[in-house]
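A short worksheet on the structure shown next.
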Amino acid sequence: MKLEWFIARRYLSSRRGTRFLSLITLIAMGGVFVGVMALILVTAVMNGLQNDLRDKILGTNPHIWLTSFGANMRLENWGELLPKVRDVKEVEAVAPFVHTEVGLTNQAGYAEGAILRGIDPSVPGPPITEISADVRSGQDKLGATESGYPPLLVGDAMADRFSLVPGDIVTVTSLQGTTLSPLGGIMPKLKHFEVTGRFHTGMYEYDNKFIYTTLAAAQELTGLGKDVTGLEIRVDDPMRANEVAKNVTAAVGGYPYRTEDWQSMNSSLFSALKLEKLTMGVILLLIVVVAAFNIVSTLVMVVADKTREIGILKSMGLRGSQVLRVFILQGVVIGTVGSLLGGGLGLLLAWLLDRYKFISIPGDIYFVDHLPVAFDWSNIVLIFALSMLISFLATLYPAWQAARLYPVEAIRHE
């Protein structure tokens, strides 16, 4: 291979009178460079978006929800179900919760809809969500208040819009557990709460709508009494939540109980992200395919320019297989150099984007407020492999054309 590599390197290098060939070689490398760089950068961003959404969803939601069928949407005998669920393999912790939509009104009279969750962070085992973990650690407070009203944690975006600070009194209105007035009208349940803090998940949808209070306060507001909306469950491996959910359903006896895991509840979102990632990957891979045509045209022009030299080399004993390897080596060098440079710059840009977050996006539209980045080395290896394969395939036709030249005809070529 030393002879083939020596000739291929000479053909790739720039010489006086053949600088145009050197230029189109650089253009071919540039096509591979741009394609690989774009693929790595976009793939890293799409992976980061998937991971970021997954972490934020898991930080706010349990891995599995256990609720019951029925019009009243309440779990009455949840105390009996707790030990059964805890005994299921891979279940780490179980806690009761209340989940309902309410109206939130500040002291100035401004009101909006919100999602209220009543939680009990003191249950045995690890905290179910990051919110529960923050309450346990004291970072978020759901304890006794100065006013005597129940405590309330408010999402950052909602707190900013309502101009709420710790110590403010708000009114929470619930349509669940309403009663009829003597005149036949509906009387919603109202209760005052004291804002004890604000939380930030980084996901606009949650920070803009969610509020948290104690389980007892939520039960009283919604009229559930000792009942709850359901049980929230934490498992060892969130990626196996679907299998564990089936085991939980079997442990509690099936109907009228039902389980939902975080993956099935957000399946449409993650399916859309996977489809978008695949589509973007295919589109950007076309850049590498276009660059492969540049490699073909480059080598065809090299063959046309070096026809006489190839004829002389073959007349001196260079075999057709050796000529074939000469031009395959040229294409492989173009693909390798372009892939390495593009991959290096793509990784650098992705790291800078992750490090400095210099591209911000509207969180109310895209769920996140910046472009997250995550490196999946299997994807990066696949990108390099595909780039090298396409570059190699692009060399076959011109290399075959060069290998089949007859020495006499090649030497006579003008």
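By convention here, the first residue in the shown sequence is residue 1. The analysis underlying the following values was restricted to heavy atoms, covering all of them including side chains, and did not include hydrogens, waters or symmetry mates.
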For [X] and [Y], indicate whether the former's side chain and the latter's backbone hold a donor-acceptor pair under 3.5 Å.
X	Y	answer
Asp52	Gly48	no
Glu194	Gly148	no
Gln322	Arg319	yes
Thr259	Ala245	yes
Ser267	Ser264	yes
Asn47	Ala44	no
Ser297	Asn294	yes

Supply the atom-to-atom distance [X] [atom1] to [Y] [atom2], rounded to the nearest 0.5 angstrom.
X	Y	atom1	atom2	value
Leu152	Thr214	CG	OG1	9.5 Å
Arg355	Leu348	CZ	CG	13.0 Å
Asp168	Phe162	CG	CZ	11.5 Å
Leu53	Leu58	CG	CG	10.5 Å
Asp376	Ile40	CG	CD1	11.5 Å
Ile310	Leu405	CD1	CG	5.5 Å

Problem set entry | Criterion salt bridge (Lys or Arg N to Asp or Glu O under 4.0 Å) against Arg198, the qualifying member of Asp160, Asp207, Asp140 |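 Looking at Asp160, Asp207, Asp140, the match for Arg198 under the salt bridge (Lys or Arg N to Asp or Glu O under 4.0 Å) is Asp160.
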Measure the shortest side-chain to side-chain distance between [X] and [Y] over non-hydrogen atoms and say whether it is less than 4.5 angstrom.
X	Y	value
Leu116	Val98	no
Tyr206	Ile115	no
Pro124	Arg86	yes
Arg258	Thr67	yes
Leu104	Glu112	no
Val235	Arg240	no
Thr173	Val102	no
Leu231	Pro96	yes

For this session: Specify the closest pair of heavy atoms between Leu221 and Ser174, including all atoms of both residues, with the distance to one decimal.
Result: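 Result for this residue pair: CG-CB, 3.8 Å.
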For this session: Grab the two heavy atoms, one from Thr145 and one from Thr196, that are nearest each other, plus how far apart they are.
Result: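 Here Thr145 and Thr196 meet closest at CG2-CG2, 3.6 Å.
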Exercise. What do you reckon, is NZ of Lys357 surrounded by more than 12 foreign heavy atoms closer than 6.0 Å?
Worked result: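 Correct, the count exceeds 12.
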Problem set entry | Whether over 12 other heavy atoms sit under 6.0 Å from Tyr110 OH |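 Counting other residues, nucleotides and ligands, OH of Tyr110 exceeds 12 neighbours.
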For this session: Check the pair Phe199, Thr60 against side chain to side chain contact (heavy atoms under 4.5 Å, CB included), reporting the backbone distance first and the verdict last.
Result: CA-CA 11 Å; Phe199 62 87; Thr60 312; 5.8 Å; no
For this session: List the steps, then state whether side chain to side chain contact (heavy atoms under 4.5 Å, CB included) holds for Arg117 with Thr229.
Result: CA-CA 10 Å; Arg117 281 190 183 172; Thr229 304; over 6 Å; no
Exercise. Can you list every ring pair (Phe, Tyr, Trp, His ring centres under 6.0 Å) pair that touches residues 28-57, not counting sequence neighbours?
Worked result: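 Pairs touching residues 28-57 that pass the test: none.
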Problem set entry | side chain to side chain contact (heavy atoms under 4.5 Å, CB included) assessment of Lys56 paired with Glu205 | CA-CA 11 Å; Lys56 287 174 180 176; Glu205 183 182 10; over 6 Å; no
Side-chain donor-acceptor pairs of residues 388-395 under 3.5 Å, sequence neighbours excluded:
from	atom 1	to	atom 2	distance (Å)
Ser391	OG	Ser387	O	2.9
Thr395	OG1	Phe392	O	2.6

Problem set entry | Working for side chain to side chain contact (heavy atoms under 4.5 Å, CB included), residues Ile7 and Leu318 | CA-CA 11 Å; Ile7 297 172; Leu318 194 69; 4.2 Å; yes
Exercise. Under the side-chain hydrogen bond (donor to acceptor under 3.5 Å, both in side chains) test, which residues partner Glu76, sequence neighbours left out?
Worked result: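 By the side-chain hydrogen bond (donor to acceptor under 3.5 Å, both in side chains) rule, Glu76 matches no residue at all.
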For this session: Classify the ring geometry between Trp65 and His99 as parallel (under 30°), tilted (30 to 60°) or perpendicular (over 60°).
Result: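 Perpendicular, since the angle between the ring planes exceeds 60°.
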Problem set entry | Option passing side chain to side chain contact (heavy atoms under 4.5 Å, CB included) with Leu142 (candidates Leu153, Leu215, Asp120) |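 Only one option passes, and that is Leu153.
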Exercise. With respect to Thr171, which candidate in His192, Lys191, Gln107 satisfies the side-chain hydrogen bond (donor to acceptor under 3.5 Å, both in side chains) definition?
Worked result: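 That would be His192.
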